[in-house]
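Here the structure is laid out as structure tokens; the discussion comes afterwards.
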Amino acid sequence: MFLSVFDMFKIGIGPSSSHTMGPMVAAARFLDLMRASPFEFQGLRASLHGSLAFTGVGHATDRATILGLAGFRPENYDNDKAEAVLADIRETHRVTPPELPALHFYPKEDLKFDFGPNLPGHANGMILMATDKQGDVILQETYYSVGGGFVLTADELAAGQDTDDGPPVPYPFKSAAEMLEMAETSGKSIAEMKKANEISRGGSENLRSGVSRVWQVMNDCIERGLANDGILPGGLQVRRRSKAIHQALLAERGTNLNAPHKINDWISIYAMSVNEENAAGGQVVTAPTNGAAGVVPAVIKYWLEHVPGANEREIETFLLTAAAIGGLVKFNASISGAEAGCQAEVGSASAMGAAGLAAVLGGTPAQIENAAEIALEHHLGMTCDPVKGLVQVPCIERNGLGAIKAVSAASLALRGDGVHLVPLDACIETMRQTGADMSERYKETSLGGLAVNVPNC
């Protein structure tokens with residue numbers, strides 16, 4: 001089993017990796033399929049199913065799908081260009097993707113929200129269609145956005161292509177138990193094993209520059225969030241809070257009135273700043289998803305800014321360790337809120353943050369595994385119930401608390417020797433089972449929980 005650090009940490013746009021980035025990626029893949037086809041196309045259609053339908057408007061799924069069909073991709077998204085293209089599509093009812101003819105596409109008629117049963121493969125399903133001049137469908141593909149920006153066709157999902165099928169890596173662990181056994185046998189840390197795997201696939205320079213870029217985007221997102229204020233889009237009238245809290249914390253520095261628990265406020269605003277940017281459609285890094293994008297950056301920022309001896313040179317160790325844990329969760333359970341609730345998103349992110357922090361603080365592989373388990377265990381059963389389908393309430397605060405739990409979990413694990421009762425593998429399997437048992441109302445459909453008990457205006 002191998003998932004790259006750059007699979008877990010993808011640079012993209014908000015507000016959702018599965019509902020925004022995924023559909024845009026799927027649309028880009030469909031355009032590639034069209035370019036390789038001998039047919040002459042005249043138009044496009046799309047239908048959104050399951051969670052993509054129920055919370056699609058709040059997650060900007062419709063917007064992302066339209067822009068994807070116009071040729072946009074998350075990794076090089078330009079908001080100003082996107083707005084201009086959307087305005088043109090609304091006026092002309094056409095999209096003009098690169099290397100394809102102008103295609104008829106009237107969003108009000110050609111983009112459908114299907115609120116019927118889910119498609120069979122996953123809760124996040126979509127069907128993309130291309131038509132001829134008579135309006136008949138002559139090319140069609142079903143895509144599933146399976147969490148964290150990962151997209152698979154129906155055939156790929158059925159064939160198990162969400163698992164790794166690349167060349168062998170030096171340390172192919174697919175469970176925490178195997179990871180710990182390999183660490184003990186090799187004498188290497190989790191980060192060192194993960195680094196060897198990454199280099200075997202992509203080379204050392206790609207790893208170095210890529211990790212640097214990931215942290216730059218994460219940190220820039222924090223800084224933008226701390227600098228911006230105002231009301232978030234979507235109609236809930238949620239006000240950004242990170243800037244005001246940050247300014248208050250800065251003003252209180254150097255006084256004798258600071259209670260120790262105020263460090264929690266610092267950790268919270270680092271996370272909330274990211275998720276406020278995500279809610280506004282800004283550039284973020286999946287960690288492992290957009291909905292949980294604030295946890296890992298917040299823990300890194302806390303470590304760099306508040307822990308004596310922290311050094312940016314160790315960010316690679318942090319992210320490699322975190323990615324190793326995130327890969328185990330995705331491979332053996334899920335990182336998708338539509339599949340397993342928020343335990344799969346913020347719970348996974350908290351486990352990743354705890355593991356990364358334990359690693360840079362000198363933890364052994366056993367202590368790191370323990371830190372991840374503690375953080376994930378105390379998110380088990382957490383539902384995904386965004387009010388109005390927006391990645392705002394309870395998502396923004398939830399990232400702050402997930403980051404605090406990550407720090408606490410790492411600290412608690414480092415006070416022990418790594419020996420503990422519940423293995424990380426057992427916790428991951430429990431999360432998978434809990435997600436399977438969870439009602440669909442609590443899996444990013446906004447049909448239960450806070451989403452129906454809080455007024456949507």
Side-chain angles (χ1 to χ4, degrees), residues 12-27 46-68 74 107 111-119 121-127 143-151 232-238 275-276 278-281 284 286 288-294 334-346 382-399 435 438-457:
I13 57 168
S16 172
S17 49
S18 59
H19 288 59
T20 314
M21 288 175 59
M24 189 178 287
V25 169
S47 61
L48 305 174
H49 302 260
S51 181
L52 294 186
F54 283 107
T55 61
V57 173
H59 286 71
T61 307
D62 47 350
R63 185 178 189 276
T65 302
I66 295 166
L67 289 172
L111 179 60
K112 304 290 186 183
F113 289 81
D114 189 322
F115 299 103
N118 293 350
L119 295 179
H122 191 276
N124 292 332
M126 61 190 299
I127 300 173
Y143 295 94
Y144 293 106
S145 181
V146 296
F150 292 88
V151 172
L232 292 171
L236 286 180
Q237 300 301 306
V238 172
N275 287 85
E276 287 172 354
N278 179 63
V284 298
T286 65
T289 66
N290 282 33
S334 176
I335 58 170
S336 168
E339 194 169 23
C342 199
Q343 59 173 355
E345 295 204 31
V346 171
M382 183 173 281
T383 61
C384 183
D385 52 353
V387 177
K388 204 179 178 180
L390 299 169
V391 194
Q392 297 179 19
V393 179
C395 319
I396 294 171
E397 287 180 354
R398 188 167 284 175
N399 274 257
M438 190 180 290
S439 167
E440 294 297 321
R441 292 178 298 164
Y442 302 110
K443 294 182 185 180
E444 212 167 356
T445 57
S446 290
L447 297 175
L450 288 176
V452 299
N453 288 302
V454 175
N456 286 347
C457 59

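Computed from a prediction, not measured in an experiment: that's the story for all the values here. Side-chain atoms are counted along with the backbone in the values below, which use heavy atoms only and exclude waters and symmetry mates.
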Nearest 0.5 angstrom please: [X] [atom1] to [Y] [atom2], how far?
{"X": "Asp385", "Y": "Asn453", "atom1": "CG", "atom2": "CG", "answer": "9.0 Å"}
{"X": "Asn290", "Y": "Ser18", "atom1": "CG", "atom2": "OG", "answer": "8.0 Å"}
{"X": "Asp62", "Y": "Thr20", "atom1": "CG", "atom2": "OG1", "answer": "9.5 Å"}
{"X": "Cys384", "Y": "Tyr442", "atom1": "SG", "atom2": "OH", "answer": "12.5 Å"}
{"X": "Phe54", "Y": "Asn118", "atom1": "CZ", "atom2": "CG", "answer": "7.5 Å"}

[X] versus [Y], closest heavy-atom pair with distance:
{"X": "Ile13", "Y": "Gly281", "result": "CB-O, 4.4 Å"}
{"X": "Ala27", "Y": "Gly68", "result": "CB-C, 3.4 Å"}
{"X": "Thr289", "Y": "Ile335", "result": "CG2-O, 3.2 Å"}
{"X": "Ser17", "Y": "Thr286", "result": "CB-CG2, 3.7 Å"}
{"X": "Gly58", "Y": "Pro15", "result": "O-CG, 4.3 Å"}
{"X": "Ser446", "Y": "Pro386", "result": "OG-O, 2.6 Å"}

side-chain contact (heavy atoms from CB on, under 4.5 Å) test vs Leu48 passes for just one of Thr65, Asn124, Val57, namely Thr65

Donor-acceptor under 3.5 Å ([X] side chain, [Y] main chain):
{"X": "Asp114", "Y": "His49", "answer": "no"}
{"X": "Ser439", "Y": "Arg441", "answer": "yes"}
{"X": "Gln392", "Y": "Pro233", "answer": "yes"}
{"X": "Ser51", "Y": "Glu444", "answer": "yes"}
{"X": "Lys443", "Y": "Gly435", "answer": "yes"}

Side chain to side chain contact (heavy atoms under 4.5 Å, CB included) for Val25 and Tyr143? Distances and angles first, verdict last.
CA-CA 10 Å; Val25 169; Tyr143 295 94; over 6 Å; no

Would Arg398 and Glu345 count as a side chain to side chain contact (heavy atoms under 4.5 Å, CB included) if you check the C-alpha gap in whole Å, the side-chain angles of each, and the deciding distance to 0.1 Å?
CA-CA 10 Å; Arg398 188 167 284 175; Glu345 295 204 31; over 6 Å; no

Chi angles and distances behind the side chain to side chain contact (heavy atoms under 4.5 Å, CB included) call for Ile127, Leu119
CA-CA 9 Å; Ile127 300 173; Leu119 295 179; 4.0 Å; yes

Just wondering, do [Y] and [X] contact through their side chains at under 4.5 Å, heavy atoms?
{"X": "Asn399", "Y": "Val346", "value": "yes"}
{"X": "Leu52", "Y": "His19", "value": "yes"}
{"X": "Val146", "Y": "Glu339", "value": "no"}
{"X": "Leu390", "Y": "Leu236", "value": "yes"}
{"X": "Met126", "Y": "Thr61", "value": "no"}
{"X": "His59", "Y": "Val391", "value": "yes"}
{"X": "Glu440", "Y": "Leu447", "value": "no"}

Run the side chain to side chain contact (heavy atoms under 4.5 Å, CB included) test on Ser336 and His122 for me, step by step, so that the C-alpha distance in whole Å, both residues' side-chain angles and the decisive distance to 0.1 Å come before the verdict.
CA-CA 10 Å; Ser336 168; His122 191 276; 3.6 Å; yes

